[in-house]
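A note on names: the letters A, B, ... follow the listed sequences, proteins ahead of strands, and every chain is numbered from 1. All figures in this text were calculated on a predicted structure; none of them were measured in a lab. Both backbone and side-chain heavy atoms feed into the values below; hydrogens, waters and symmetry mates do not.
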Amino acid sequence: MLNFSKKLIHWYLQNKRELPWRQTKDPYRIWLSEIILQQTRVEQGMPYYFSFVETYPDVKALADAPEDDVLKLWQGLGYYSRARNLHATAKKVAYEHKGIFPDTYKELKKLKGVGDYTASAIASICFDEAAAVVDGNVYRVLSRIFGIDTPINSTPGAKEFKALAQELIDEKDPATFNQAIMEFGATQCKPKNPYCLHCPFNEGCIAFQQGKISDLPVKKGKIKVRDRFFNYLIFITPDGQTMLQQREGKGIWRGLFDFPLLETEKDLPEARFRESVNSLKITTKEKSIRFSDLPVEEVILQQRDPIIHKLSHQKLHVKFWVVKLSEAPGLQTIAYERLGDFAVPRVIDRFMEDFDFKDFL
DNA sequence: AATACGGGGCT
DNA sequence: AGCCCAGTATT
């Protein structure tokens, strides 16, 4: 389509939103915004962008922060490996690149957490390199206008859309073109109820002309969601202390903190739970004790029905149990006033909002 | 080529 | 309930 980029940029200049990261070409801020915006809506990411810029004004400030602080600031945004990669890359740039970001797509892509999309975005926006971005918006816009039904989440699809975007990009102003096509997808060519009637491309839009707007883009395969059953143990000592553990391994919420946890195959009846929990090993800071060897005074279930917490690949059934101890356990404990210092999953943060330790002292 | 990885908003 | 979001890394 001749003139595509001209029309697109014209539309953009008249319709773009004023966003904080559009006021700068500073690679640190562009990089930060792009990581935050991965699989995340602008409105959801914006508050996090502000707090990161304020807390860590430059890449060195971020590099020198403790990882747990970065995780805490990221709390609630999800996909926490982004925060760990963000921190690792900040260290890399600060101390192996002398605080200067790489200035090409090829070099940017070598950074942790920077894939094809993000490398293209930074290279084009900060350094005017003609590297086409392909994100969810671009897939949608191109699949509809050009009537392409190749599944966007297939290898052929990825190649086809990337090549098309690269063909269409305005090599004189790749920064504006890339942001324009994404903005167009986000606010005009939306997933549901796009504004086709006053779309500048509707005459040439294959999907619109053929009434296939709701059929494009095509996405293959449905993800399966796994049910999991979590029983969180909120220990309470006579002097108002509780226990937290930091999650390790490869699963969800790696690096975040949560309460000692008994995971079960099903939603156990209360009696079965009280039986099973006895053999649970409680571990904080490398020391570990069997639940049954603890000075347990009382175990109180906090809700009859589990709290349902949905993730992209898991459906969590969560119960919280208060465990009153008659004396301090031989494990590391923390004062409940300090719970707010730790990055915790949303489901725990939300539960703590209307939970008062004082009720159990 | 598939799958894991969060949380929230919209329909 | 299902889909999608300025995707990336791992298997």
At less than 4.0 Å, is any side-chain N or O atom of [X] found next to OP1 or OP2 of [N]? Yes or no.
{"X": "His309(A)", "N": "dG7(B)", "answer": "yes"}
{"X": "Tyr80(A)", "N": "dG7(B)", "answer": "yes"}
{"X": "Gln39(A)", "N": "dG7(C)", "answer": "yes"}

Just to be sure I understand the rule, does [X] reach a base, reach only the sugar-phosphate, or reach nothing, if contact means heavy atoms closer than 4.0 Å?
{"X": "Ile35(A)", "result": "nothing"}
{"X": "Arg140(A)", "result": "sugar-phosphate"}
{"X": "Thr118(A)", "result": "sugar-phosphate"}
{"X": "Gly221(A)", "result": "nothing"}
{"X": "Arg254(A)", "result": "nothing"}
{"X": "Trp21(A)", "result": "base"}
{"X": "Arg346(A)", "result": "sugar-phosphate"}
{"X": "Arg22(A)", "result": "base"}
{"X": "Leu256(A)", "result": "nothing"}
{"X": "Gly76(A)", "result": "sugar-phosphate"}
{"X": "Val114(A)", "result": "sugar-phosphate"}

Side chain of [X], heavy atoms from C-beta onward: which of [options] has the nearest atom to it?
{"X": "Gln314(A)", "options": "dG7(C), dG8(B), dC5(B)", "value": "dC5(B)"}
{"X": "Glu183(A)", "options": "dG7(B), dT8(C), dA6(C)", "value": "dA6(C)"}
{"X": "Ile252(A)", "options": "dA6(C), dG6(B), dG7(B)", "value": "dG6(B)"}
{"X": "Lys310(A)", "options": "dC4(C), dA1(C), dC5(B)", "value": "dA1(C)"}
{"X": "Glu34(A)", "options": "dC5(B), dT8(C), dA6(C)", "value": "dA6(C)"}
{"X": "Lys224(A)", "options": "dG7(C), dG7(B), dT3(B)", "value": "dT3(B)"}
{"X": "Ser312(A)", "options": "dA6(C), dC5(C), dG6(B)", "value": "dG6(B)"}

For [X] and [Y], which I'm curious about, is there any donor-acceptor pair between the side chains at under 3.5 Å?
{"X": "Asp239(A)", "Y": "Thr237(A)", "answer": "yes"}
{"X": "Tyr80(A)", "Y": "Gln75(A)", "answer": "no"}
{"X": "Asp68(A)", "Y": "Gln246(A)", "answer": "yes"}
{"X": "Tyr195(A)", "Y": "Lys190(A)", "answer": "yes"}
{"X": "Gln38(A)", "Y": "Thr118(A)", "answer": "yes"}

Take atom [atom1] of [X] and atom [atom2] of [N], then tell me their distance rounded to the nearest Å.
{"X": "Lys109(A)", "N": "dG7(C)", "atom1": "NZ", "atom2": "C1'", "value": "11 Å"}
{"X": "Ile152(A)", "N": "dT8(C)", "atom1": "CD1", "atom2": "P", "value": "14 Å"}
{"X": "His313(A)", "N": "dC3(C)", "atom1": "NE2", "atom2": "P", "value": "13 Å"}
{"X": "Leu86(A)", "N": "dA6(C)", "atom1": "CG", "atom2": "P", "value": "19 Å"}
{"X": "Tyr105(A)", "N": "dT8(C)", "atom1": "OH", "atom2": "C1'", "value": "12 Å"}
{"X": "Ile308(A)", "N": "dG6(B)", "atom1": "CD1", "atom2": "C1'", "value": "16 Å"}

First of Pro191(A) and Gly136(A) reached from the 5' end of DNA chain C, by closest nucleotide =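 Checking each residue's closest nucleotide, the 5'-ward one belongs to Pro191(A).
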
ask   = Do Lys109(A) and Asp116(A) sit within salt-bridge range, that is, some charged N less than 4.0 Å from a carboxylate O?
value =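 The answer is no: the pair does not qualify as a salt bridge.
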
request  = Please measure how far the P atom in dG6(B) lies from the corresponding atom in dT10(C), and state the result in whole Å.
outcome  =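 Looking at atom P only, dG6(B) and dT10(C) are 14 Å apart.
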
query = What interatomic distance, in whole Å, is found between P of dC5(B) and the corresponding atom of dA6(C)?
reply =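 Each nucleotide's P atom is 23 Å from the other's.
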
inquiry  = Is there a ring-ring contact (aromatic ring centres under 6.0 Å, His included) between Tyr28(A) and Tyr56(A)? Walk through the geometry before answering.
reply    = CA-CA 10 Å; Tyr28(A) 170 66; Tyr56(A) 308 120; 8.6 Å; no

Closest-nucleotide ordering on DNA chain B, the 5'-leading residue of Pro156(A) and Lys250(A) =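 In this pair, the answer is Pro156(A).
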
query = In terms of the nearest nucleotide of DNA chain B, which residue is placed more toward the 5' end: Val344(A) or Asn153(A)?
reply =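 Taking each residue's closest nucleotide, the earlier one in sequence belongs to Asn153(A).
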
inquiry  = Determine whether a donor-acceptor pair (one donor, one acceptor, N or O, separation below 3.5 Å) exists between the side chain of Tyr117(A) and the base of dG7(C).
reply    =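 It does not, because no donor-acceptor pair links the side chain of Tyr117(A) to the base of dG7(C) below 3.5 Å.
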
